[in-house]
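Since the structure comes first, as structure tokens, the remarks are kept for the end.
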Amino acid sequence: MAKNSTKLKVPSTGVGRRVVAPQSGGAGSSENDHPAFCFQHMRDGYCLSNCELKEKAALAETMHELSKLTWAQIHGTHRHGKGCERIDQTSIKGDSVPHYITDDVNLLAFRFFGKAPMVGFRTGRIFHIVWLDRNFTLYKH
């Protein structure tokens, strides 16, 4: 077996760093990319371990369906369907917004189980899930 001389660059975890808001449009835009999902930043009380099996299955199905779309297609879809909606950071009442999510970062919510939202932030093509608001206690709905 031939050894590949190309080395993979391991992305930084971003822990302890400030989240930089993605630039929209133009060269280097990720609007035509399909989303990828990250679970690294999930908060206690709103994480996967708090979900029932049917909610976990719905989350997996939702991510699978969303990954078939581009970000541009997602933005053109109804917020209670496969689309998303922007959530003001000041509306988060059920938990504190982590320090690494700065004021310029937009929070987005996708519905994953009925109208229960997964809330997080986007960097490039990656959607970082921070909260699974299965009991509708994170913000006023």
Side-chain angles (χ1 to χ4, degrees), residues 1-4 6-141:
M1 186 186 312
K3 188 173 182 179
N4 188 346
T6 307
K7 291 187 178 183
L8 295 175
K9 291 184 179 179
V10 179
S12 169
T13 62
V15 174
R17 294 190 188 168
R18 162 176 192 240
V19 175
V20 178
Q23 297 187 11
S24 59
S29 173
S30 57
E31 285 301 298
N32 291 320
D33 289 338
H34 297 265
F37 297 89
C38 173
F39 294 91
Q40 177 183 358
H41 302 288
M42 293 185 89
R43 304 280 289 176
D44 289 340
Y46 293 92
C47 63
L48 202 56
S49 61
N50 297 102
C51 292
E52 296 178 9
L53 187 57
K54 61 186 177 184
E55 294 164 327
K56 291 177 183 180
L59 177 65
E61 183 64 29
T62 299
M63 291 186 307
H64 175 70
E65 291 299 316
L66 289 171
S67 69
K68 294 177 183 178
L69 302 173
T70 65
W71 278 105
Q73 290 170 319
I74 290 170
H75 291 306
T77 306
H78 189 272
R79 66 187 176 104
H80 286 161
K82 290 187 180 106
C84 61
E85 68 177 310
R86 186 168 173 224
I87 304 297
D88 226 26
Q89 287 189 32
T90 58
S91 67
I92 302 294
K93 303 296 183 200
D95 192 18
S96 60
V97 176
H99 67 87
Y100 52 81
I101 299 178
T102 56
D103 292 340
D104 59 333
V105 174
N106 293 325
L107 295 179
L108 300 174
F110 289 95
R111 307 301 169 193
F112 79 96
F113 183 72
K115 290 189 179 179
M118 62 173 152
V119 180
F121 61 94
R122 177 182 167 195
T123 55
R125 70 179 285 236
I126 300 172
F127 182 72
H128 302 268
I129 303 168
V130 181
W131 299 278
L132 296 174
D133 191 13
R134 54 190 287 275
N135 293 323
F136 303 97
T137 59
L138 183 63
Y139 63 96
K140 186 175 180 180
H141 295 264

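Excluded from the calculations below are hydrogen atoms, water molecules and symmetry mates; all remaining heavy atoms, backbone and side chain alike, are included.
Ala60 meets the side-chain contact (heavy atoms from CB on, under 4.5 Å) test with no other residue; sequence neighbours excluded. With sequence neighbours excluded, no residue forms a side-chain contact (heavy atoms from CB on, under 4.5 Å) with Lys93. Evaluation of the side-chain contact (heavy atoms from CB on, under 4.5 Å) rule for Ala57 yields no partner, not counting sequence neighbours. Gln73 meets the side-chain contact (heavy atoms from CB on, under 4.5 Å) test with Leu69, Thr70; sequence neighbours excluded.
Interatomic distance, Cys84 SG to Leu108 CG, rounded to the nearest 0.5 Å: 4.5 Å. Between Leu132 atom CG and Phe113 atom CZ the span is 12.0 Å, to the nearest 0.5 Å. With values rounded to the nearest 0.5 angstrom, Gln40 atom CD is found 12.0 Å from Ile129 atom CD1. Here His34 contributes atom NE2 and Ile74 contributes atom CD1; the two are 9.5 Å apart, rounded to the nearest 0.5 Å. The distance from atom CG of Asp104 to atom OG1 of Thr102, rounded to the nearest 0.5 Å, is 3.5 Å. The distance from atom CZ of Arg86 to atom OG of Ser91, rounded to the nearest 0.5 Å, is 10.0 Å.
For the salt bridge (charged side-chain N to carboxylate O under 4.0 Å, His left out) condition, the pairs that include at least one residue of residues 33-48, sequence neighbours left out, are Arg43-Asp95. Every pair passing side-chain hydrogen bond (donor to acceptor under 3.5 Å, both in side chains) that includes a residue from residues 48-62 is listed here, sequence neighbours excluded: Glu55-Arg134.
Minimum interatomic distance between Gln89 and Val105 (heavy atoms only, all atoms of both residues): NE2-O, 2.8 Å.
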Query raised in the report: Please walk me through it: do Val97 and Thr90 pass side chain to side chain contact (heavy atoms under 4.5 Å, CB included)?
Result: CA-CA 9 Å; Val97 176; Thr90 58; over 6 Å; no

Report task. Report the C-alpha separation of Val119 and Tyr139 in whole Å, then their side-chain angles, then the decisive distance to 0.1 Å, and conclude whether the side chain to side chain contact (heavy atoms under 4.5 Å, CB included) test is met. Result -> CA-CA 10 Å; Val119 180; Tyr139 63 96; 3.9 Å; yes

**Report entry** side chain to side chain contact (heavy atoms under 4.5 Å, CB included) between Trp131 and Ile92, intermediate numbers included
**Finding:** CA-CA 10 Å; Trp131 299 278; Ile92 302 294; 4.3 Å; yes

Report task. Check the pair Tyr46, Val130 against side chain to side chain contact (heavy atoms under 4.5 Å, CB included), reporting the backbone distance first and the verdict last. Result -> CA-CA 8 Å; Tyr46 293 92; Val130 181; over 6 Å; no

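A ring-ring contact (aromatic ring centres under 6.0 Å, His included) with His128 is found for one member of Phe39, Tyr100, Phe121 and no other, namely Phe121.
A cation-pi arrangement, defined by a distance under 6.0 Å to the six-membered ring centre and an angle within 45 degrees of its axis, is present between Arg122 and Trp71.
Considering only heavy atoms from C-beta on, His75 comes within 4.5 Å of Glu31 through its side chain. At a threshold of 4.5 Å between non-hydrogen side-chain atoms, the residues Phe127 and Met63 do not count as touching.
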